[in-house]
2 protein chains.
Amino acid sequence: MESKFAELDSVIHSRVRLAIIILLLQSETADFTFLKKEIGVSDGNLSTHLRKLEETKYIKVQKRFEHRKPKTTISLTDKGREALNEYTKNLEEYLRLVSEGKKL
Amino acid sequence: MESKFAELDSVIHSRVRLAIIILLLQSETADFTFLKKEIGVSDGNLSTHLRKLEETKYIKVQKRFEHRKPKTTISLTDKGREALNEYTKNLEEYLRLVSEGKKL
DNA sequence: TTAAAGTACTTTGTATTACAAAGCTATTTT
DNA sequence: AAAATAGCTTTGTAATACAAAGTACTTTAA
């Protein structure tokens, strides 16, 4: 480690993408509209964040038709889960440094 | 709150700027070179991050000459300290959601 | 004394990112 | 059949992150 401040996975370090991952962690699968409502983000914005997570292979996006309507189901991959673990580990270390700093 | 996912102060939500704030929390004041070495970031990058923190009034930057050389001393403001508290509070909530999600 | 190297930054240029508005395709309602 | 709705994607723009180059000195070495 080059510095005591670990890198923070930039794909996860975004409010919207972290929220997406948390929701996927909780509900195993989710659809576009659900994520949109829970996070309170615009269609376009959500679309690009999902694209990014998919490119990084942190999520798997399954598109199919249900009742003749497009239905996108999104789920976390193992890679995504691992990346989240690493990310939260690092983040906790930052928080630890903060509370340590306050005590001095 | 429009969503269960709180906003995360975008000024603080940056690895470099969070690191700057943590270092200031620990040592009260710091200079440019110290921050640069501790964080492992380029001159230009650090300069712009400091500028941003200064514009937001989260830090106070004092420039003076010491031993005929420019010496920049940086310290956290009360506003910065408050913003950090709010930020870490929200961040802890995200982490809580993560560990809650894992248990399900 | 003056040229080269170092210190302590700031400015500039570029590539990446975040975001919303507008667009697209298909369906449902009137 | 037209208008409204659903479920997205594409596009345009503004903000961000970053390193390379630049500025303004001071120190060292020849």
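All chains are named by letter (A, B, ...) in the order of the sequence lines, taking the proteins before the strands, and each is independently numbered beginning at 1. What you see is a predicted model, and the numbers here were worked out from it, not measured in a lab.
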Colleague: Once you round it to whole Å, what is the distance between C1' of D:dT16 and CG of A:Leu8?
Modeller: 16 Å

Colleague: For A:Asp9 and C:dT17, what is the distance between atoms CG and P respectively, to the nearest whole Å?
Modeller: 12 Å

Colleague: Measure from the side-chain N and O atoms of A:Ser27 to the backbone N and O of A:Leu23, and report whether any donor-acceptor pair falls under 3.5 Å.
Modeller: yes

Colleague: Looking only at the side chain of B:Thr33 (C-beta and beyond, no hydrogens), which of the listed nucleotides C:dA18, D:dG7, C:dA8 gets closest?
Modeller: C:dA8

Colleague: Rounded off to whole Å, could you give me the CZ-to-C1' distance for the B:Arg15 and D:dC18 pair?
Modeller: 12 Å

Colleague: Within the structure provided, determine whether A:Tyr87 and A:Leu18 are in side-chain contact (heavy-atom separation under 4.5 Å).
Modeller: yes

Colleague: Closest approach to the side chain of A:Ser14, judged atom by atom: which nucleotide of D:dC8, D:dT16, C:dA18 is it?
Modeller: C:dA18

Colleague: May I have the distance from B:Leu46 (atom CG) to D:dT16 (atom C1'), rounded to whole angstrom?
Modeller: 16 Å

Colleague: Could you tell me whether the phosphate oxygens of C:dC19, OP1 or OP2, come under 4.0 Å of any side-chain nitrogen or oxygen in A:Lys52?
Modeller: no

Colleague: Measure from CG on A:Asp43 to P on C:dT25 and round the result to the nearest Å.
Modeller: 17 Å

Colleague: How close or far is atom C1' of D:dC8 from atom CG of A:Leu50, stated in whole angstroms?
Modeller: 10 Å

Colleague: Separation of B:Lys63 atom NZ from D:dT23 atom C1', in whole Å?
Modeller: 13 Å

Colleague: Any side-chain N or O of B:Arg17 below 4.0 angstrom from OP1/OP2 of D:dA17?
Modeller: yes

Colleague: Hey, does the side chain of B:His49 come within less than 4.0 Å of D:dC18's phosphate (OP1/OP2), counting only N and O?
Modeller: yes

Colleague: Are the side chain of A:Ser14 and the backbone of A:Ser10 linked by a donor-acceptor contact shorter than 3.5 Å?
Modeller: no

Colleague: Choose from C:dC19, D:dT16, C:dT17 the nucleotide whose nearest atom is closest to any side-chain atom of A:Thr48.
Modeller: C:dC19

Colleague: Round to a whole Å and report the spacing from CD1 of B:Ile39 to C1' of D:dA19.
Modeller: 16 Å

Colleague: Would you call B:Thr29 and B:Leu24 a side-chain contact if the rule is heavy atoms closer than 4.5 Å?
Modeller: no

Colleague: Could you please name the option among C:dT10, D:dC18, D:dA17 that lies closest to any side-chain atom of B:Val16?
Modeller: D:dC18

Colleague: Measure from the side chain of B:Asn45, starting at C-beta and using heavy atoms only, and say which of D:dC18, C:dT10, D:dT11 lies closest.
Modeller: D:dC18

Colleague: Side chain of A:Ser47 only, heavy atoms from C-beta on: which candidate in C:dT10, D:dT10, C:dT17 is closest?
Modeller: D:dT10

Colleague: Could you check B:Lys60, B:Gln62, B:Glu28, B:Arg64 and say which one makes a side-chain hydrogen bond (donor to acceptor under 3.5 Å, both in side chains) with B:Thr73?
Modeller: B:Arg64

Colleague: Is there a side-chain contact between A:Arg51 and the phosphate of D:dT10, meaning an N or O under 4.0 Å from OP1 or OP2?
Modeller: yes

